[in-house]
Amino acid sequence: MRLLLTSDTHLPRRARELPAPLLAAVEEADAVVHAGDWTDTATLDLLTARSRRLIAVYGNNDGPALRARLPEVARAELDGLRVGVVHETGGAQGRERRCEDRFPDLDLLVFGHSHIPWDTTAPGGLRLLNPGSPTDRRRQPHCTYMTAELDGGRLTEVTLHRLPPRR
């Protein structure tokens with residue numbers, strides 16, 4: 001099973017549209033995970049229409065229209081892997097332990113907010129992934145998203161994709 005992980009799209013403020021490589025990856029994914037800060041319902045509608053399965057949450061920049069359609073925390077079982085999605089996890093210091101305490105029933109937690117890619121594993125085995133942002137790199141060298149492969153309830157491959165600069 002192939003996953004596409006994204007967050008912090010911030011359309012149309014940070015970009016006019018989602019990058020073409022990200023949209024191509026949506027077409028190839030069995031499930032798309034979006035960790036919030038959409039800022040517009042058009043992007044939610046687009047990913048809902050193009051995704052085989054969309055697992056998504058709202059973020060701190062998302063208004064009432066998005067909050068009415070999305071949860072603060074989403075959970076799903078994908079190929080036997082227990083996956084959770086949330087926008088904010090707090091500061092980097094102590095994140096693994098804090099998330100493990102908050103989500104003891106998960107194998108994977110996808111989060112956003114910082115626009116900084118993150119891939120760590122908590123002491124108890126919870127994998128934490130932040131795909132960064134495909135539209136707003138902030139202080140990062142590149143805009144990014146992630147793909148992941150699942151096999152028999154295990155993550156077998158996680159890839160951080162760097163997007164070319166916008167023109």
Side-chain angles (χ1 to χ4, degrees), residues 1-11 14-15 17-39 43-44 46-48 50-62 70-71 73-92 95-96 99-100 103 106-122 125-166:
M1 176 177 250
R2 185 169 174 85
L3 304 180
L4 167 75
L5 313 177
T6 192
S7 185
D8 297 283
T9 46
H10 291 277
L11 294 179
R14 300 294 185 221
E17 59 190 14
L18 291 175
L22 177 75
L23 288 174
V26 167
E27 303 293 334
E28 297 172 5
D30 296 301
V32 174
V33 178
H34 192 300
D37 272 6
W38 306 74
T39 70
T43 304
L44 174 58
L46 174 71
L47 289 185
T48 298
R50 290 198 179 186
S51 302
R52 289 186 189 109
R53 181 173 183 185
L54 178 64
I55 303 156
V57 298
Y58 66 78
N60 62 297
N61 284 297
D62 295 327
L70 296 166
V73 176
R75 296 169 187 267
E77 186 171 314
L78 301 173
D79 194 31
L81 191 77
R82 300 168 303 167
V83 178
V85 187
V86 66
H87 184 63
E88 295 185 62
T89 61
R95 176 176 285 143
E96 289 83 4
C99 290
E100 199 164 54
F103 301 104
L106 297 180
D107 301 308
L108 169 64
L109 180 65
V110 179
F111 67 98
H113 187 61
S114 68
H115 300 214
I116 300 170
W118 186 276
D119 182 353
T120 59
T121 303
L126 175 65
R127 184 85 173 260
L128 292 105
L129 297 175
N130 182 332
S133 171
T135 58
D136 184 14
R137 64 183 179 89
R138 285 195 184 159
R139 297 173 304 277
Q140 300 304 298
H142 304 278
C143 289
T144 58
Y145 68 95
M146 287 179 170
T147 55
E149 298 284 337
L150 302 181
D151 186 17
R154 290 182 27 252
L155 277 173
T156 57
E157 185 177 332
V158 174
T159 305
L160 178 67
H161 300 269
R162 295 177 176 177
L163 292 162
R166 287 194 316 258

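Any value given below was found using the heavy atoms of this structure, including those in side chains, with hydrogens, waters and symmetry copies removed. For clarity, every value in this text was computed on a predicted model and none was experimentally measured.
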What's the spacing between [X] [atom1] and [Y] [atom2] if we round to 0.5 Å?
| X | Y | atom1 | atom2 | answer |
| --- | --- | --- | --- | --- |
| Glu17 | Leu11 | CD | CG | 8.5 Å |
| Leu108 | Leu81 | CG | CG | 5.5 Å |
| Tyr145 | Ser133 | OH | OG | 13.0 Å |

Does the side chain of [X] reach to within under 4.5 Å of the side chain of [Y], using non-hydrogen atoms?
| X | Y | result |
| --- | --- | --- |
| Met146 | Leu129 | yes |
| Val32 | Arg53 | no |
| Pro131 | Val110 | yes |
| Leu78 | Ile55 | yes |
| Leu128 | Arg95 | yes |
| Val86 | Glu88 | no |
| Asp107 | Val83 | no |
| Arg50 | Leu46 | yes |

State, to 0.1 Å, how close [X] and [Y] come at their nearest heavy-atom pair, and which atoms those are.
| X | Y | result |
| --- | --- | --- |
| Trp38 | Ala56 | CZ2-CB, 3.4 Å |
| Thr144 | Gly132 | OG1-CA, 3.4 Å |
| Val57 | Ala35 | CG2-C, 3.7 Å |
| Thr135 | Asp8 | OG1-O, 3.4 Å |
| Ser51 | Leu47 | OG-O, 2.5 Å |
| Ser7 | Gly36 | OG-O, 3.4 Å |

With side chain to side chain contact (heavy atoms under 4.5 Å, CB included) as the test, would you mind laying out the steps for Leu155 and Leu150 before giving the verdict?
CA-CA 5 Å; Leu155 277 173; Leu150 302 181; 3.2 Å; yes
Can you check side chain to side chain contact (heavy atoms under 4.5 Å, CB included) on Leu126 and Thr121, steps first, answer last?
CA-CA 6 Å; Leu126 175 65; Thr121 303; over 6 Å; no
Atom CZ of Arg162: over 12 foreign heavy atoms under 6.0 Å:
no
Flag if over 12 foreign heavy atoms under 6.0 Å of CD, Glu100
yes
Using a distance-only test with no angle check, is there a side-chain donor-acceptor pair under 3.5 angstrom linking Glu149 and Thr156?
no
May I ask you to check whether Asn130 and Ser114 show a side-chain donor-acceptor distance below 3.5 Å?
yes
Only one of Thr43, Thr9, Thr6 passes side-chain hydrogen bond (donor to acceptor under 3.5 Å, both in side chains) with His34; say which it is.
Thr9
The single option from His10, Gln140, Arg137, Arg139 passing side-chain hydrogen bond (donor to acceptor under 3.5 Å, both in side chains) against His115
His10
Could you walk me through whether Tyr58 and Asp37 pass the side chain to side chain contact (heavy atoms under 4.5 Å, CB included) check?
CA-CA 6 Å; Tyr58 66 78; Asp37 272 6; over 6 Å; no
When you check the gap from the basic side-chain N to the acidic O, do Arg127 and Asp119 get nearer than 4.0 Å?
yes
Charged N-O contact under 4.0 Å between Arg2 and Asp30:
no
Using atom types as modelled and distance alone, determine if a side-chain donor or acceptor of Asp79 lies under 3.5 Å from a backbone N or O of Gly152.
yes
Could you tell me how the ring of His113 sits relative to the ring of His87: parallel (under 30°), tilted (30 to 60°) or perpendicular (over 60°)?
perpendicular
